[in-house]
Protein chains: 2
Amino acid sequence: MNEKEYTMKEAMLFSQRIGQLSKALWKAVEKDWQLWIKPYDLNINEHHILWISYHLKGASISDVAKFGVMHVSTAFNFSKKLEERELLSFSKRDTDKRNTYVQLTEKGEKLMQEMIENYHETPHSVIDGSLQLRELYGKFPEFMDIMAVIRNIYGDDFMEIFEASFKNIENRFSEENHVIVHQESQQ
Amino acid sequence: MNEKEYTMKEAMLFSQRIGQLSKALWKAVEKDWQLWIKPYDLNINEHHILWISYHLKGASISDVAKFGVMHVSTAFNFSKKLEERELLSFSKRDTDKRNTYVQLTEKGEKLMQEMIENYHETPHSVIDGSLQLRELYGKFPEFMDIMAVIRNIYGDDFMEIFEASFKNIENRFSEENHVIVHQESQQ
C-alpha cells in the first residue's frame with residue numbers, strides 16, 4: 001500500500017490549472033485546425049481519421065478511435081463517409097480477422113500531401129505561440145509532464161501509437177528539409 | 001525584423017504533439033468534469049460560469065466569456081438560465097456602466113461549497129494521473145511551458161484572471177487544511 005496525501009486546496013488549485021489550460025489550449029488547437037481544413041470540406045473528426053491513417057500507414061478502427069479520442073461508432077461512421085468519397089478504403093488483415101482496418105487510397109494520400117503543403121496558408125496560433133520557447137530551448141517544447149499525465153490516463157498503447165506517428169513523420173520528412181521562414185516585426 | 005526558422009518536419013511533429021495531447025487532455029478533463037457536475041443538473045458551460053463567478057467574486061460577462069473560452073452570447077445566455085435558477089444575479093457597477101456583471105447569490109455560493117465538498121465523490125483521472133509527478137516534484141505539476149504558450153495566444157489579461165482565481169483559492173482554503181488520503185494498491 002502506498003499512501004499519497006494532498007489537501008483539498010492543492011486539488012482545487014491543480015484542478016483549476018489543468019481545467020483552464022486544457023480547455024484554452026484545445027480551443028486554440030481546434031480553431032487552427034478548422035481554419036486549416038476549411039477549404040477541403042472535412043470536419044475535424046474526418047480529418048483526424050485521415051491524419052491517423054496517413055501517419056500509421058493504415059490503422060484498425062479501434063486504434064483510430066483510441067488515438068482520435070472518439071467513440072468507435074464515430075470512428076466507424078466517419079470512416080464510411082470517407083470511403084464514399086474514395087479517400088479511405090476498408091480491409092481485413094489475415095493476421096487479425098476480428099478488426100476492420102482503414103487505409104488511405106491514392107486520392108486520400110494525395111489530399112494529405114496537398115494539405116501539408118498548404119499548412120502555412122492558414123494561421124497556427126499554437127505554433128506562433130510556441131516560437132519563443134523554441135528560441136529558448138533550441139527546439140519546440142515537448143511538454144513531457146503533460147505527456148506523462150496522458151500516459152497515466154490513456155495507457156502505454158496510446159503512447160505507442162503516438163511514437164509510431166512521430167517515427168512516420170521523421171521518415172516522411174527526412175529527405176525534404178525545406179525551411180519555413182517566419183517573420184515577425186519587432187519594435 | 002526578427003527571423004525564426006523552422007522546417008516543415010518540425011512543424012508537423014510539433015503540430016502532431018500539441019494536437020493529440022491537447023485533445024486527449026481536454027477529453028479527460030471534460031469527462032471528469034461531467035461526472036462531478038452530473039448530480040447538480042448543470043452543463044459544463046453553466047458550471048464554468050458559476051466557477052468563474054465564485055473564484056473571481058463576481059465578474060463581467062466579457063471576463064466570463066474570455067476566461068471560460070466561450071462566446072459572449074453563450075456566456076450571457078447560460079448566465080440568464082442560472083439567474084432563473086437563482087444561482088446568479090446580474091448587476092451594473094458604478095465604476096463601469098458599460099459592462100454587465102454577474103455574481104453568485106447565496107444559493108449559488110452554497111451550491112459551489114457543496115460541490116467542492118463532494119469533489120472526491122467522483123473520479124478525477126487528471127488528478128490521479130498526476131500523482132506520480134507530485135511525488136517526484138513534491139507538488140502537483142505547474143505546466144509552465146503550456147502556460148507560456150497560452151499567455152502568448154490569449155494575452156496577459158487572460159493570465160491575470162488565472163492568477164486572480166489562484167489567489168482566491170489560496171485565500172478560501174488557507175484556514176481549512178484537511179488532508180485527502182489517496183490510497184493506491186501496489187504490487
Chain B contacts, top residue of A:Gln20, A:His48, A:His55, A:Lys27 (heavy-atom pairs, under 4.5 Å): A:Gln20

Honestly, the part of A:Glu142 sitting under 4.5 Å from a heavy atom of chain B is both

Okay, B:His124 and chain A: the region with an atom under 4.5 Å from a heavy atom over there is neither

List the atom pairs, donor and acceptor, that lie under 3.5 Å between side-chain atoms in residues 147-158 of chain B and the rest of the protein, sequence neighbours left out.
unit_1	atom_1	unit_2	atom_2	d
B:Arg151	NH1	B:Asp156	OD1	2.9
B:Asn152	ND2	A:Gly129	O	2.9
B:Asn152	ND2	A:Gln132	OE1	3.0
B:Tyr154	OH	A:Ala24	O	2.6
B:Asp157	OD2	B:Lys66	NZ	2.7

According to a hydrophobic-cluster definition based on side-chain heavy atoms being under 4.5 Å apart (Ile, Leu, Val, Met, Phe, Trp, Tyr only), do A:Ile127 and A:Tyr137 belong together? yes

When you group the ILVMFWY residues by side-chain heavy-atom contacts below 4.5 Å and let the links chain together, are A:Val29 and A:Tyr40 in the same group? yes

Identify whether B:Val72 and B:Ile52 are in the same connected component of the hydrophobic contact network (ILVMFWY, side-chain heavy atoms under 4.5 Å). yes

If only side-chain N and O atoms count, and only distance matters, is there a donor-acceptor pair under 3.5 Å linking B:Gln16 with A:Trp51? yes

Could you go step by step and tell me if A:Arg134 and B:Glu10 meet the salt bridge (charged side-chain N to carboxylate O under 4.0 Å, His left out) rule? CA-CA 11 Å; A:Arg134 187 183 177 279; B:Glu10 278 187 274; 2.9 Å; yes

Check each atom of B:Val69 against the heavy atoms of chain A and say whether the ones under 4.5 Å are side chain, backbone, both or neither. both

Considering heavy atoms only, which positions within residues 78-93 of chain B lie below 4.5 Å of chain A? none

Hey, what's the ring geometry for A:Trp33 with A:His47, parallel, tilted or perpendicular (30° and 60° as the breaks)? perpendicular

Could you work out, with side-chain hydrogen bond (donor to acceptor under 3.5 Å, both in side chains) as the rule, every residue matching B:Asn45, not counting sequence neighbours? none

Hey, are B:Trp26 and A:Glu30 close enough side-chain-wise for a donor-acceptor pair under 3.5 Å? no

Side chain / backbone / both / neither for A:Met159 at chain B, heavy atoms under 4.5 Å: neither

Taking the six-membered ring for Trp, is the centroid-to-centroid distance between A:Tyr6 and B:His120 below 6.0 Å? yes

Segment of B:Leu13 engaging chain A (4.5 angstrom heavy-atom cut-off): both

Interface residues of residues 94-119 of chain B facing chain A - non-hydrogen atoms under 4.5 Å apart: B:Ile116, B:Tyr119

Give me the ring orientation class for B:Phe143 and A:Phe14: parallel if the planes are under 30° apart, tilted from 30 to 60°, perpendicular past 60°. tilted

Look only at the side chain of B:Lys9 and the backbone of A:Ile169, and say whether a donor-acceptor pair between them is shorter than 3.5 Å. no

Measuring heavy-atom distances to chain B, does A:Leu133 have an atom under 4.5 Å in its side chain, in its backbone, in both, or in neither? side chain

Heavy-atom proximity to chain B below 4.5 Å, by part of A:Phe166: both

Joint cluster assignment, B:Met144 & B:Ile146, ILVMFWY side-chain distance < 4.5 Å: yes

